[in-house]
Amino acid sequence: MEFSKIHGLGNDFILVDDRQEKLDDYPQLARDICHRHFGVGADGLILVLPSQVADFKMRIFNSDGSEAEMCGNGIRCFAKFVYERGMTTKTRITVETLAGVMVPQCQVENGRVTMVTVDMGEPRLAAKNIPLVEGGDDPVIDQPLEAAGQIFRITTVSMGNPHCIIPVDDVEGIRLEDVGPQIEKHSLFPKKTNVEFVQFLSPTRAKVRVWERGAGITLACGTGACATAVAGYLLGKTKRRLTVSLPGGDLTIEWADNNHLYMTGPATEVFRGLYLDRRV
Ligand code: ZDP
């Protein structure tokens, strides 16, 4: 099986063209191929599939085999893959996801996609849409949550997938590998959650470290950067356009007047290969 490995700021994915729908067990394939010792190694597996409503359908599986509704860094990688492999000649591509149709717009130089700006759609704030246990229509902004023996102040945002944003004074001081999984699996979140610790540096800059649902610590998270921008604005900390600095690099996020989030960042292909299924 041919694949590409493409990353967005070090958040790395295996991309596979399965428009013929020949593969059967995506969760098992994701666990095997994403394994960093027994497989290729990646944070997730992304499939290119046919769509009735858009140019393509994208499905994303985390390294633990769970399926995510959306993936911000992954969709930039997806756009690069389908464009550079000649699956489309469009630079503005419509992509069906479990979170709705997203629209990446590619910047192309010498036939290569460098930066991609993605219309990530609208954030969802009602607690029932994150989703939160017994959540209603009200948003959760700066509410206490007890986890790992501490009280955190959380703001929750869905970008199709759930995010829990926690502002802190010193993001480097957070023991992400200890507290991340406890918040990810907290009983408040029936579908678990991605966790972003954020340090607001200025009205136009925030520094973020991410614990991802189903993948653990990653170097960047596109949907998480968008969710952070929404939370920053709602908390009165940031403007509607800001740079989100992640361990793997910077993303530019704008929460536009039409209520859509626009995310701009790179996608980098690092190798192509032939995957051999060594379990058979
Ligand atoms: O929601 C989830 O289960 C995430 N782990 C999916 C991946 C999100 C991603 N890091 C992003 O950039 O949005 C790919």
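We count ligands from 1, going down the list as the structure has it; atoms in each ligand are counted the same way.
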Practice task
Considering only non-hydrogen protein atoms, determine which one is nearest to atom 14 (C) of ligand 1 and report residue, atom name and distance to 0.1 Å.
Solution key: Cys71 SG, 2.4 Å
Completion exercise
Note: ligand 1 atoms sitting under 4.0 Å from heavy atoms of Met70 are 6 (C)
Handout entry: Options Lys192, Lys191, Glu212, Arg213, ranked by nearest heavy atom to atom 7 (C) of ligand 1, top entry
Key = Glu212
Practice task
Check Cys221 against ligand 1 and report side chain, backbone, both or neither, counting heavy atoms closer than 4.0 Å.
Solution key: both
Problem - Any donor-acceptor N or O pair under 3.5 Å, side chains Gln28, Asp32 - result: yes
Handout entry: Verdict with reasoning, Asp12 to Arg36, per salt bridge (charged side-chain N to carboxylate O under 4.0 Å, His left out)
Key = CA-CA 11 Å; Asp12 57 348; Arg36 296 207 182 268; 2.9 Å; yes
Fill in the blank from the handout: At under 4.0 Å between heavy atoms, what of Asn161 touches ligand 1? The answer is side chain
Problem - Atoms in ligand 1 flagged as close to Phe13, the criterion being non-hydrogen separation under 4.0 Å - result: 14 (C)
Practice task
Go through the side-chain N and O atoms of Ser245 and Arg205 and say whether any donor and acceptor fall under 3.5 Å apart.
Solution key: yes
Handout entry: Test item: side-chain donor near acceptor, Asp55 and Thr88, under 3.5 Å
Key = no
Handout entry: Gly72 N/O under 3.5 Å from ligand 1 N/O
Key = yes
Problem - Per-residue contact class, Asn194 against ligand 1 - non-hydrogen pairs under 4.0 Å - result: side chain
Problem - Row check, Tyr233 ring normal vs Arg240 NZ/CZ: under 6.0 Å, within 45° - result: yes
Handout entry: ligand 1 contact by Asn62, heavy-atom criterion under 4.0 angstrom
Key = yes
Handout entry: ligand 1-proximal atoms of Thr223, by part, heavy-atom distance under 4.0 Å
Key = both
Handout entry: Location of contacts on Met159 toward ligand 1, heavy atoms closer than 4.0 Å
Key = neither
Problem - Gly222, any N or O under 3.5 Å of ligand 1 N or O - result: yes
Practice task
Could you state whether Leu235 and Val198 fall into the same hydrophobic cluster, counting links through intermediate Ile, Leu, Val, Met, Phe, Trp or Tyr residues with side-chain heavy atoms under 4.5 angstrom apart?
Solution key: yes
Handout entry: Donor-acceptor pair between Glu269 and Ser4 side chains, under 3.5 angstrom
Key = yes
Exercise for the section: Measure from atom 6 (C) of ligand 1 to every heavy atom in Ala220, Ala68, Gly265, Gly160 and give the option owning the shortest one. Expected result: Ala68
Problem - Polar side chain donor-acceptor pair, Tyr26 to Asp18, under 3.5 angstrom - result: yes
Handout entry: Where ligand 1 meets Asn11 - atom numbers and elements under 4.0 angstrom, heavy-atom basis
Key = 9 (C), 10 (N), 12 (O), 14 (C)
Practice task
Identify the two heavy atoms, one from Val195 and one from Gly180, that lie closest to each other, and give their separation to 0.1 Å.
Solution key: CG2-O, 3.9 Å
